[in-house]
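These notes are about the structure you will find just below.
These values consider heavy atoms only, across backbone and side chains, with no hydrogens, waters or symmetry-generated copies. Within every chain, numbering begins at 1; the chains are lettered A, B, ... in the order of the sequence lines, protein sequences first and strands thereafter.
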Amino acid sequence: MSTNEPAITVDFIRNIVAKDLAVGKNAGKVVTRFPPEPNGYLHIGHAKSICLNFGIAQENSPGTCHLRFDDTNPEKEDEEYIQAIKDDVKWLGFDWKENLFFASNYFDKLFELAQVLIKNGDAYVCSLSANDIREYRGTLTEPGKNSPDRDRSPAENLDLFLRMRDGEFADGSYTLRAKIDMASPNINMRDPALYRIRRATHHQTGDKWCIYPIYDYTHCISDALEGITHSLCTLEFEDHRPLYDWILDRLEDQLKQHPQQIEFSRLALDFTVVSKRKLIQLVNDNFVAGWDDPRMPTISGLRRRGYTPESIRNFCNRIGITKSPNNVEIGFLEGCLREDLESKALRSMAILKPLKVVIENYPEDKIEPLTAPNHPQNPELGNRTIYMTREVYIDHEDFLEVAPNKKFKRLVAGKEVRLRNSYVIKCEEVIKDSNSGEIVELRCSYDENTLNTNPEGRKVKGVIHWVSATKAVKAEIRLYDRLFKNANPEEGGNFLDNINPNSLTILKDCPIESSLAQAKTGDTFQFERVGYFSKDPDSTDDYPIFNRAVTLRDSWAKILSPRRASR
RNA sequence: UGGGCCGUCGCCAAGCGGUAAGGCCCCGGAUUUUGAUUCCGGUAUGCGGAGGUUCGAAUCCUCCCGGCCCAGCCA
């Protein structure tokens with residue numbers, strides 16, 4: 001990955017890691033992990049965690065970062081997600097090398113350690129139903145009460161636990177629970193479940209097990225077994241840390257490592273939802289075309305939209321790592337993309353809403369090749385050939401019969417404008433549909449002495465983009481807008497009620513520059529004066545499809561409709 | 001009103017007792033064959049509030065206010 005990403009201010013977690021290193025803790029090593037559950041696709045919030053965990057490992061050579069699938073709930077997980085997650089992490093630019101793990105790799109060990117807990121009187125088999133457990137747990141303000149099975153002997157617990165594993169009992173009939181404190185003010189410490197009986201085929205272990213360990217029990221031990229030094233997770237696990245430590249403390253003779261769990265706030269992006277549950281609902285209920293729909297905040301959706309790994313990494317570095325609510329404006333993400341694409345994307349021209357222009361004094365059959373730079377500031381990116389012809393298309397928005405104000409610098413009836421990389425033209429006549437009055441064509445003239453040079457004695461300040469009508473390639477262009485109408489999609493209670501019905505606009509048969517016919521899927525261009533567009537995989541050989549990744553900044557739009565003063 | 005956290009410019013975020021970094025946005029202005037980019041300049045007498053300690057407080061103490069998370073045999 002590139003190394004010229006701007007330095008970031010050091011966050012509190014990196015400070016802790018640095019301090020630990022300074023005092024020689026963990027034998028001077030740093031081992032982190034990114035532990036997704038394979039029950040959905042990765043999203044921008046995961047990118048934050050990936051950049052943090054892999055980033056810290058990279059910065060502290062020879063640090064390593066493990067990719068570990070937290071696969072303890074087979075009913076919700078799927079092999080499809082495992083592959084997608086690996087692809088996304090790689091695409092983002094990170095490498096777990098040989099450190100690919102599954103929590104299910106440790107099922108045997110976990111089972112063995114559970115027996116240690118039982119023998120030591122730290123865990124017991126409970127016959128309470130799920131409902132009963134809930135009732136016995138108490139509430140936020142009232143303590144819970146002990147399970148009637150709480151004082152079963154270790155021997156009996158051991159026998160029961162083995163028989164749970166052997167499939168003697170029905171799903172849900174027993175659980176293994178930690179014996180902690182039913183009166184704890186921290187509900188997670190009120191004898192949390194460690195194992196449940198669930199006859200489900202596991203994507204990794206098949207039908208070997210009918211009991212599966214719970215997250216709290218599994219995660220800390222997995223971390224310890226892998227020699228993780230810093231176990232980084234989001235704030236909602238803060239209340240689980242005492243349990244994390246409790247389990248590792250009881251097993252300290254069996255485990256060599258006691259990783260430190262550190263929590264940071266999760267990312268919230270306005271105008272979007274970042275929750276696997278909600279994203280899966282958008283997919284399953286067809287509010288979007290799939291996990292990689294360009295409107296989705298998933299890594300795959302952003303990729304298809306035209307986001308680059310660099311832009312996402314840069315975004316993650318800029319938003320920082322803290323414990324305060326990380327509510328980031330969507331414009332911030334978009335800005336990171338623009339910044340990256342500005343220097344990298346090749347320029348070209350495309351017309352979203354065509355208006356035909358006939359240049360009456362231009363020779364009928366002439367096709368004049370012109371050279372246009374691929375990037376205005378970087379000649380190294382080369383040139384391309386564009387074709388000037390008698391008939392061209394310009395964008396409807398670039399013409400007005402009468403200028404709305406003195407600042408308007410596009411084409412106006414009777415006035416001149418420059419066709420980018422070509423000649424200056426003058427609008428001689430406006431042709432309208434006799435019924436609707438709609439402008440359907442412009443008759444213009446051109447000044448043959450204005451190629452690559454300014455006209456004599458007058459200044460033409462406007463420059464508009466255009467495409468030859470005869471040489472143009474037709475393409476579908478998909479314009480995306482935010483998926484939700486409100487900055488906070490939860491407003492009003494149900495995020496589905498706030499879906500933006502106009503989040504996708506499909507433009508058919510847009511004339512685009514012929515050079516674009518060679519574009520490959522995933523190539524991203526700047527359509528000058530319009531935005532950045534990426535070629536979609538739905539494209540066919542003769543009908544390209546482009547997704548608008550992000551618009552260009554548009555200060556003219558601000559002049560036309562100024563935003564409410566924000567200060 | 002049990003427990004755990006969090007409150008510094010519109011957004012993100014430094015700061016850790018010595019007198020408010022930076023980024024994004026925004027506002028001016030310059031350059032520009034993209035109203036893009038780039039470049040200059042501007043934007044918190046103020047750190048959720050009120051008291052207190054101190055020569056000195058965003059930083060320490062007290063009280064108060066606001067927000068988030070937790071009652072899955074999910075993660």
Side-chain angles (χ1 to χ4, degrees), chain A residues 6 8-11 35-37 39 70-73 75-76 126 128-130 133-135 137-144 171-177 183-190 192-198 211-212 214-216 218-219 233-242 263 265 270 276-277 318-332 335-336 338-339 342-343 347 349 372 375-377 407-410 418-422 424 450 452-454 460-465 526-531 551-559 563 565-567:
Chain A
I8 49 164
T9 55
V10 175
D11 57 74
E37 182 187 13
N39 67 344
D70 220 331
D71 56 347
T72 56
N73 188 1
E75 288 170 314
K76 287 189 178 167
C126 178
L128 251 25
S129 68
I133 286 194
R134 190 180 319 120
E135 272 176 32
R137 184 154 35 224
T139 68
L140 294 179
T141 50
E142 302 155 27
D171 284 12
S173 57
Y174 287 97
T175 53
L176 180 72
R177 293 226 258 163
S184 172
N186 179 349
I187 291 195
N188 294 300
M189 299 299 270
R190 319 243 260 232
L194 267 22
Y195 267 92
R196 75 284 216 180
I197 304 175
R198 195 114 316 166
I211 58 172
Y212 290 98
I214 297 268
Y215 165 84
D216 284 305
T218 310
H219 203 88
C233 60
T234 42
L235 248 31
E236 65 270 27
F237 291 103
E238 225 161 6
D239 285 345
H240 293 242
R241 183 165 13 104
E263 311 84 10
S265 56
D270 60 12
K276 272 202 236 176
R277 201 207 96 229
R318 286 184 187 187
I319 57 177
I321 299 291
T322 65
K323 296 182 76 157
S324 53
N326 198 208
N327 301 315
V328 181
E329 293 170 341
I330 188 74
F332 197 75
C336 290
R338 283 194 193 99
E339 180 182 305
E342 155 59 28
S343 61
R347 312 290 131 122
M349 294 190 282
H375 193 286
Q377 276 84 234
K407 283 186 169 177
F408 190 76
K409 47 184 218 189
R410 277 115 104 139
R418 174 176 293 281
L419 294 183
R420 166 132 253 232
N421 296 129
S422 181
V424 167
T450 55
N452 299 321
T453 174
N454 286 323
V460 176
K461 49 183 172 151
V463 180
I464 62 174
H465 55 104
Q526 184 193 104
F527 290 173
E528 287 189 290
R529 303 211 311 131
V530 182
T551 61
L552 251 31
R553 278 183 68 207
D554 187 355
S555 52
W556 174 244
K558 273 181 225 153
I559 293 170
R563 267 183 217 156
S566 57
R567 51 177 76 208

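In terms of polar N and O atoms assigned as donor or acceptor, the side chain of A/Asp239 comes within less than 3.5 Å of the base of B/G3 in a complementary pairing. No N or O donor and acceptor, one from the side chain of A/Arg241 and one from the base of B/G4, sit under 3.5 Å apart. The base of B/C73 lies close enough to the side chain of A/Arg198 for a donor and an acceptor atom to sit less than 3.5 Å apart. At a cut-off of 3.5 angstrom, the base of B/A36 holds no donor-acceptor pair with the side chain of A/His465. Judged by atom type and distance alone, A/Gln526 reaches the base of B/U34 through a side-chain donor-acceptor pair under 3.5 Å. Taking 3.5 Å as the limit, the base of B/U33 and the side chain of A/Arg418 contain a donor-acceptor pair of atoms between them.
Phosphate proximity of B/A36 to A/Arg338: absent, as no side-chain N or O sits under 4.0 Å from OP1 or OP2. Distances shorter than 4.0 Å separate some side-chain N or O of A/Arg196 from OP1 or OP2 on B/A75. For A/Ser343 and B/U37, the shortest distance from a side-chain N or O to OP1 or OP2 is not below 4.0 Å. For the pair A/Arg410 and B/G35, the criterion of a side-chain N or O lying under 4.0 Å from OP1 or OP2 is not met.
The gap from the C1' atom of B/C5 to that of B/G42 amounts to 37 Å, rounded to the nearest Å. Comparing the C1' positions of B/A71 and B/G3 gives a spacing of 12 Å, expressed to the nearest Å. B/C47 and B/U8 have their C1' atoms separated by 4 Å, given to the nearest Å. Between the P atoms of B/A58 and B/U32, the separation comes to 47 Å (whole Å). One P atom belongs to B/C26, the other to B/G72, and the distance between them is 45 Å to the nearest Å. Look at the C1' atom in both B/G7 and B/C12: the space between them is 14 Å, to the nearest Å. Comparing B/G29 with B/C11, their C1' atoms are spaced 26 Å from each other, to the whole Å. Rounded to whole Å, the C1' atom of B/A20 lies 7 Å from the corresponding atom of B/A44.
Residue A/Phe237 places its side chain closer to B/A75 than to any other of B/C27, B/A75, B/G35. Each of B/G2, B/U34, B/A71 was ranked by its minimum atom distance to the side chain of A/Arg137; first place goes to B/A71. Distance from the side chain of A/Glu528 is smallest for B/U34 among the nucleotides B/C74, B/U34, B/G35. Among the nucleotides B/U33, B/C11, B/C73, the one closest to any side-chain atom of A/Glu329 is B/C11. With B/A75, B/U33, B/G7 as the choices, the nucleotide that has an atom nearest any side-chain atom of A/Ile214 turns out to be B/A75. Taking the side chain of A/Ser555 as heavy atoms from C-beta on, and the options B/U33, B/A36, B/C27, the nearest nucleotide is B/A36. Each of B/C25, B/C73, B/A14 was ranked by its minimum atom distance to the side chain of A/Ser129; first place goes to B/C73. Of the candidate nucleotides B/C24, B/G35, B/C5, B/C24 has the atom lying nearest to any side-chain atom of A/Arg318. The side chain of A/Thr141 lies closest to B/G2 when the candidates are B/C70, B/G2, B/G35. Among the nucleotides B/U33, B/C70, B/C74, the one closest to the side chain of A/Asn452 is B/U33.
A/Thr139 places a side-chain N or O within donor-acceptor distance of the main-chain N or O of A/Thr141, the cut-off being under 3.5 Å. A distance-only check finds a donor-acceptor pair linking the side chain of A/Ser184 to the backbone of A/Asn186 [under 3.5 Å]. Looking only at distances, no side-chain donor or acceptor of A/Asn421 sits under 3.5 Å from a matching main-chain atom of A/Ala372. Side-chain N or O atoms of A/Arg137 include none that pairs as donor or acceptor with a backbone N or O of A/Pro143 at under 3.5 Å.
At whole-Å resolution of the value, CG in A/Asn326 and C1' in B/C5 are 15 Å apart. Spacing between atom CD of A/Glu238 and atom C1' of B/G3 amounts to 11 Å, rounded to whole angstrom units. Rounded to a whole Å, the CG atom of A/Asn188 is 10 Å from the P atom of B/G72. Rounded to whole angstrom, the span from the CG atom of A/Asp554 across to the C1' atom of B/C25 amounts to 16 Å.
Across all strands shown, A/Thr175 has heavy atoms under 4.0 Å from base atoms, whether or not it also approaches the sugar-phosphate.
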Would you sort out whether A/Arg318 and A/Glu339 count as a salt bridge (charged side-chain N to carboxylate O under 4.0 Å, His left out), showing the intermediate values?
CA-CA 13 Å; A/Arg318 286 184 187 187; A/Glu339 180 182 305; 2.7 Å; yes
Test side chain to side chain donor-acceptor pair (under 3.5 Å) applied to A/Arg347 and A/His375, step by step
CA-CA 6 Å; A/Arg347 312 290 131 122; A/His375 193 286; 3.0 Å; yes
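Annotation for A/Phe332 and A/Ile319: closest pair CE2-CG2, 3.8 Å, computed over non-hydrogen atoms.
Partner A/Tyr195 forms a side-chain contact (heavy atoms from CB on, under 4.5 Å) with one of A/Thr218, A/Ile214, A/Thr72, A/Leu176 and no other, that one being A/Leu176.
Applying the side chain to side chain contact (heavy atoms under 4.5 Å, CB included) criterion to A/Leu235, with sequence neighbours excluded, gives A/Glu238, A/Glu263, A/Ser265, A/Lys323.
Base pairing analysis places B/G2 opposite B/C70; the two distances defining the Watson-Crick or G-U wobble pair are each below 3.5 Å. Using N1 to N3 plus N6-O4 or O6-N4 for Watson-Crick, or N1-O2 and O6-N3 for G-U wobble, each under 3.5 Å, B/A50 pairs with B/U62. Of all nucleotides present, only B/C12 satisfies the Watson-Crick or G-U wobble test against B/G22, with each distance under 3.5 Å. Remark: B/A30 base-pairs with B/U38; criterion is Watson-Crick or G-U wobble with both hydrogen-bond distances under 3.5 Å.
Nucleotides of RNA chain B nearest to A/His240 and A/Leu140 differ in position, and the one nearer the 5' end is that of A/Leu140. Place A/Thr322 and A/Lys409 on RNA chain B by their nearest nucleotides, and A/Thr322 ends up nearer the 5' end.
Glycosidic conformation of B/G72: syn, with the torsion inside 90° of 0.
An aromatic stacking contact links A/Trp556 with the base of B/G35, defined here by ring centres under 5.5 Å apart and ring planes under 30° from parallel.
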